[in-house]
There are 2 protein chains.
Amino acid sequence: MEADTSRTEEYLESIYKLQQEQHPVSTSRLAEHLKLSAPSVSEMVKKLTGKGLVFQSERGVCLTDEGKSLAKKVIRRHRLSERLLTDILGFNWDEVHDEACRLEHAISPEMEDHIAKSLGNPRTCPHGHPIPDKDGKLAKEKLKPLSELKAREKGIIVNVFEEDPKMLKYLASLGLIPDVCVKVEEVAPFGGPLIVCVAGARYALGREVASKIKVK
Amino acid sequence: MEADTSRTEEYLESIYKLQQEQHPVSTSRLAEHLKLSAPSVSEMVKKLTGKGLVFQSERGVCLTDEGKSLAKKVIRRHRLSERLLTDILGFNWDEVHDEACRLEHAISPEMEDHIAKSLGNPRTCPHGHPIPDKDGKLAKEKLKPLSELKAREKGIIVNVFEEDPKMLKYLASLGLIPDVCVKVEEVAPFGGPLIVCVAGARYALGREVASKIKVK
DNA sequence: CATTAAAGTTAGGTATACCTAATAAAAAAT
DNA sequence: ATTTTTTATTAGGTATACCTAACTTTAATG
Ligand SMILES: [Mn+2]
Ligand SMILES: [Mn+2]
Ligand SMILES: [Mn+2]
Ligand SMILES: [Mn+2]
């Protein structure tokens with residue numbers, strides 16, 4: 001039962017996020033996401049294994065139940081922080097990720113409760129991702145990336161799997177934010193762009209970008 | 001121009017606060033306030049000296065101009081955090097110190113600005129201490145401890161120099177909070193208690209406690 | 001199948017910030 | 001003026017979390 005540091009939290013958070021895209025998380029992806037060298041991550045993963053927070057399968061790192069639970073606590077604090085920053089402090093959605101990534105380690109359970117209460121127990125972060133509740137329960141919906149819609153199909157944006165401020169700013173400038181209805185007008189062949197219609201306007205969106213936007 | 005860590009900030013903050021009570025700050029007082037061993041503090045002070053943030057005089061540690069400036073930035077973030085916690089998130093004044101002491105290191109200049117703006121540029125923290133402005137300017141008033149008032153003298157509480165939650169809770173329960181008018185009814189001799197009148201009620205207050213309450 | 005490339009780990013090292021035990025210096029008390 | 005006490009520092013050590021360079025293992029490719 002060793003003390004848990006903010007670095008531990010940061011690793012677990014990253015592993016949790018990455019495993020949503022691809023299940024066992026490779027050391028190299030983790031290192032890239034955390035902007036650390038591979039050996040640093042390799043070493044830390046060993047320590048996390050020792051603490052019973054992760055285990056290493058054939059193809060990569062997996063969270064244990066305890067690790068998953070801690071990760072969700074961190075993610076709850078992260079997403080509540082983001083909401084605090086946008087809804088109360090007037091930040092834009094593209095400015096909150098890094099800020100929240102620091103705040104999440106400085107927030108006590110009491111502050112977490114106060115934020116949740118003040119915000120009226122929000123269900124999602126500004127990017128549309130669900131906020132785990134106190135028991136770690138996470139609402140999961142069946143979503144598909146916008147890039148998989150066919151021509152003339154419509155969808156409502158649920159979330160945006162992206163943390164790069166520039167990309168987020170760009171998406172917001174097109175009105176591609178949660179709860180907005182998008183219609184795919186055309187899909188260019190050979191992995192080409194999508195022509196989408198948002199609030200009456202038409203835009204060409206690269207596949208890569210469109211794959212980050214999850215719709216229902 | 002080395003990177004500045006949260007520990008550096010914490011030391012400078014403590015030194016700044018302690019020097020207000022007694023100018024050059026002794027290693028032992030600093031160690032006690034930071035809840036660290038004397039050798040740890042001794043060592044860290046040497047490092048801070050190397051960074052040009054403090055210097056050691058005959059009787060103790062003093063902040064350089066750069067150290068003072070950094071300390072005031074930390075204190076600004078601390079006090080703005082406290083205000084955020086009480087005014088927006090609904091904390092009581094006795095619950096915010098430790099929380100703010102962690103938040104202050106996780107807040108960017110942008111967040112600092114957003115908090116200040118959202119709160120309407122508050123001039124003081126919930127305990128009545130002035131919030132340094134962006135340029136480090138600090139409003140200073142001539143105050144005296146409540147314990148120095150004579151019988152039948154009145155004062156308005158400006159601030160409470162105390163961070164212990166229990167004490168703060170006690171003071172709030174008596175209504176001894178900033179902007180409240182207190183009248184000293186009697187002063188018991190030989191360092192005995194003061195009988196004070198607050199909002200029509202009468203209380204006996206120890207000298208020690210009364211010395212923490214600054215009035216004008 | 002052999003070679004090359006990618007991914008992961010070991011080895012050895014650094015910086016930061018803490019600790020206890022021992023020692024030195026300064027202040028207070030006798 | 002000694003002795004005692006307090007205060008400060010040095011010495012030696014630990015934990016955490018990072019690094020580069022070198023090596024090993026695994027996967028991909030000709
Ligand atoms: Mn984070
Ligand atoms: Mn988010
Ligand atoms: Mn602090
Ligand atoms: Mn305060």
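Here is how names work: the chains are called A, B, and so on, in the same order as the sequence lines, proteins then strands, and each is numbered from 1.
- Nearer to the 5' terminus of DNA chain D, by closest-nucleotide assignment, is the contact made by B:R59 (compared with the other of A:V41 and B:R59).
- We find that CD of B:Q56 is positioned 13 Å from C1' of D:dT7, with the value rounded to whole Å.
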Hey, what are the protein-to-nucleotides 10-13 of chain D N/O distances that come in under 3.5 Å?
from: D:dT10; atom 1: OP2; to: B:K46; atom 2: NZ; distance (Å): 3.2

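- When rounded to the nearest whole Å, the span between NZ of A:K35 and P of D:dA17 equals 20 Å.
- Annotation: side-chain hydrogen bond (donor to acceptor under 3.5 Å, both in side chains) contacts involving residues 90-103 of chain B, sequence neighbours excluded, comprise A:S108-B:E99, B:H78-B:H97, B:H97-B:E163.
- Phosphate contact (OP1/OP2 of C:dT16, side-chain N/O of B:R7, threshold under 4.0 Å): absent.
- Put simply, CG on A:L36 is 16 Å from C1' on C:dT14, counting in whole angstrom units.
- To the nearest angstrom, P of C:dT9 lies 14 Å from NZ of A:K47.
- With rounding to whole Å, B:E58 atom CD is found 12 Å from C:dA26 atom C1'.
- At whole-Å resolution of the value, CD in B:E10 and P in C:dT16 are 18 Å apart.
- Using a cutoff of 4.0 Å between basic side-chain nitrogens and carboxylate oxygens, B:E112 and B:K134 are scored as salt-bridged.
- Position along DNA chain C of the nearest nucleotide to B:A38 versus A:A38 favours A:A38 as the more 5'-ward residue.
- When the P atom of D:dT9 is taken as reference, atom CG of B:L48 falls 13 Å away, rounded to whole Å.
- Rounded to whole angstrom, the span from the CE atom of B:M44 across to the P atom of D:dA8 amounts to 18 Å.
- Between B:S37 and the phosphate of C:dC18, there is no side-chain N or O to OP1/OP2 separation shorter than 4.0 Å.
- Residues B:S26 and B:R59 have side chains not in contact (no heavy-atom distance under 4.5 Å, counting atoms from C-beta outward).
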